[in-house]
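Take a look at the structure set out below.
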Number of protein chains: 2
Amino acid sequence: MASKPRKKQRRKGRPANASTPQREAIRAAMEAANSPLTPKEILEHAQEHVEGLGLATVYRTLNLLAQAGVVQTVEIPGGAPRFELAGKGHHHHFYCRGCERVFELEGCPGNFAELSPKGFNLEGHELVLFGTCDACGRR
Amino acid sequence: MASKPRKKQRRKGRPANASTPQREAIRAAMEAANSPLTPKEILEHAQEHVEGLGLATVYRTLNLLAQAGVVQTVEIPGGAPRFELAGKGHHHHFYCRGCERVFELEGCPGNFAELSPKGFNLEGHELVLFGTCDACGRR
DNA sequence: GTCGGTGCAAACCTTTTGCAATCTA
DNA sequence: TAGATTGCAAAAGGTTTGCACCGAC
């Protein structure tokens, strides 16, 4: 180790976390949808605005936004991982086994503290409901 | 046409879903653990009883047992898929962010029907609590 | 000119599948 | 012997990473 680590001299080029057409398109795709989307779905929607957009950029951007707390991951047991914009307040999801779509739910029964064993520190929870949506139930 | 069997037509070879050392070891590994295990963990534990056991066999057996309702999948957001023996009654899980272990919880607040939108048919739910376990909380 | 962002392709990881060998009823 | 199970390796999906090029400050 001949040289000592330099301090971050980062103001030369473009600032980090810049707004780019790709990132705008990815965020727009998620805003347009009112339910969590898979990376593939995000790619397809965003490609309508930015041609040549690659899946790697979608993943990189999603990870970036997730780290910044702008997007949240939504994992449905038995389903593909999805992403949605954060900042909508605490809510949960309903997964329709018929059309495999995910719906956002309002409200939360909360109060799961009593389920935690003694000495455990409860920091959060995840709740997913399963069944059939209105349309699939009528079939 | 060949003669028709009068009793249960047991085929010539080994009956399907037979008990084998591999399957016994896999089931034993899950019984020994009091928390859901990942396929890799199951493989490592089962290999102590059956040398040369392959990961493919673990997956095949798990899928077989899952289809038969003997094991259940437990998916933790942000964690690897895990498997546990079924037949323990309805319960949920606590995921410790410190040691990344999964603990089984007793009881269930139930009654999530009111969260479902009108016309939706609720068939089931999945609940996961996050936080730190007793040991990790003392650190 | 620098440095971050992007696209492409290769690498990685997890899970599934094809196939020959093995084993049991 | 027939058919089921297994182990290995290859395949298949999904996600991440390396690298050269491009564009914004």
Side-chain angles (χ1 to χ4, degrees), chain A residues 5-29 36-44 46-47 49-68 70-71 73-83 100, chain B residues 2-3 5 7-27 29 36-44 46-47 49-68 70-71 73-83 100:
Chain A
R6 293 204 165 272
K7 37 183 151 178
K8 294 200 247 176
Q9 168 94 14
R10 54 158 58 199
R11 284 306 173 214
K12 287 283 179 67
R14 172 197 279 173
N17 283 19
S19 173
T20 68
Q22 288 87 347
R23 291 179 182 176
E24 273 307 301
I26 289 169
R27 177 198 279 266
L37 299 178
T38 64
K40 207 180 300 180
E41 290 170 338
I42 294 172
L43 174 68
E44 290 165 3
Q47 276 182 335
H49 296 86
V50 177
E51 275 190 71
L53 178 63
L55 188 53
T57 298
V58 172
Y59 276 105
R60 273 189 285 234
T61 300
L62 287 175
N63 289 337
L64 206 71
L65 295 178
Q67 215 169 353
V70 179
V71 307
T73 66
V74 177
E75 300 200 27
I76 307 296
R82 296 156 199 262
F83 293 80
E100 296 187 352
Chain B
S3 63
K7 291 182 182 182
K8 287 195 293 185
Q9 165 70 355
R10 282 280 162 230
R11 295 196 185 85
K12 286 287 185 69
R14 171 197 279 173
N17 284 18
S19 175
T20 68
Q22 288 85 349
R23 292 178 182 177
E24 273 308 300
I26 289 170
R27 176 199 281 267
L37 300 178
T38 65
K40 207 180 301 179
E41 289 170 338
I42 294 172
L43 174 68
E44 290 166 2
Q47 276 181 335
H49 297 85
V50 176
E51 275 190 71
L53 178 62
L55 189 53
T57 298
V58 172
Y59 276 105
R60 273 190 286 235
T61 301
L62 287 176
N63 289 336
L64 206 71
L65 294 178
Q67 214 169 355
V70 179
V71 307
T73 67
V74 177
E75 300 198 29
I76 307 295
R82 296 155 198 263
F83 292 79
E100 297 188 351

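The chains referred to below are lettered A, B, ... by the order of the sequence lines, with proteins before strands, and numbering in each begins at 1.
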Open item on the list: Please report the distance, rounded to the nearest Å, between CD in E24(A) and C1' in dT6(C).
Closed with: 16 Å
Task: Partners meeting side chain to side chain contact (heavy atoms under 4.5 Å, CB included) with L65(B) (sequence neighbours left out) - done: T61(B), V70(B), V71(B)
Task: Phosphate contact (dT6(D) OP1 or OP2) by T57(B) side-chain N/O below 4.0 Å - done: no
Open item on the list: Classify L53(B) by what it touches in the nucleic acid, base, sugar-phosphate, or nothing, heavy-atom distance under 4.0 Å.
Closed with: sugar-phosphate
- [ ] May I have the distance from E41(A) (atom CD) to dG14(D) (atom P), rounded to whole angstrom?
- [x] 12 Å
TODO: Decide yes or no for H49(B) and P21(B): does some side-chain heavy atom of the first lie under 4.5 Å from some side-chain heavy atom of the second?
DONE: no
- [ ] With rounding to the nearest 0.5 Å, note down the distance linking CZ in R23(B) to CG in N17(B).
- [x] 6.0 Å
Open item on the list: Output the rounded distance in Å from CG (L64(B)) to C1' (dT16(C)).
Closed with: 14 Å
Task: Q22(A) side chain to L53(A) backbone, donor-acceptor under 3.5 Å - done: no
Task: Value in whole Å for how far the C1' atom of dA25(C) lies from CG of N17(B) - done: 16 Å
Open item on the list: Using OP1 and OP2 only, check whether a side-chain N or O of T20(B) sits under 4.0 Å from dC23(C).
Closed with: no
TODO: Would you kindly compare P39(A) and R60(A) by the position of their nearest DNA chain D nucleotide and give the one closer to the 5′ end?
DONE: P39(A)
Open item on the list: Distance check, rounded to the nearest 0.5 Å: I42(B) atom CD1 versus R82(B) atom CZ?
Closed with: 10.5 Å
Task: Spacing of N63(B) atom CG relative to dT5(D) atom C1', expressed in whole Å - done: 15 Å
- [ ] Look at the side-chain N and O atoms of R23(A) and state whether any lies under 4.0 Å from the OP1 or OP2 oxygen of dT6(C).
- [x] yes
Open item on the list: Testing the basics here: between I26(B) and T57(B), what is the closest heavy-atom pair and its distance to 0.1 Å?
Closed with: CD1-O, 4.1 Å
Can you pull every protein N or O that's under 3.5 Å from an N or O on nucleotides 9-14 of chain C?
{"unit_1": "dT14(C)", "atom_1": "OP1", "unit_2": "K40(B)", "atom_2": "NZ", "d": "3.3"}

Open item on the list: Distance check needed: dG4(C) C1' versus Q22(A) CD, whole Å only.
Closed with: 12 Å
TODO: May I have the distance from L55(B) (atom CG) to dA10(D) (atom P), rounded to whole angstrom?
DONE: 16 Å
Open item on the list: Distance check, rounded to the nearest 0.5 Å: Q67(B) atom CD versus L62(B) atom CG?
Closed with: 12.5 Å
TODO: Round to the nearest Å and state the distance from Q47(B) atom CD to dG7(D) atom P.
DONE: 9 Å
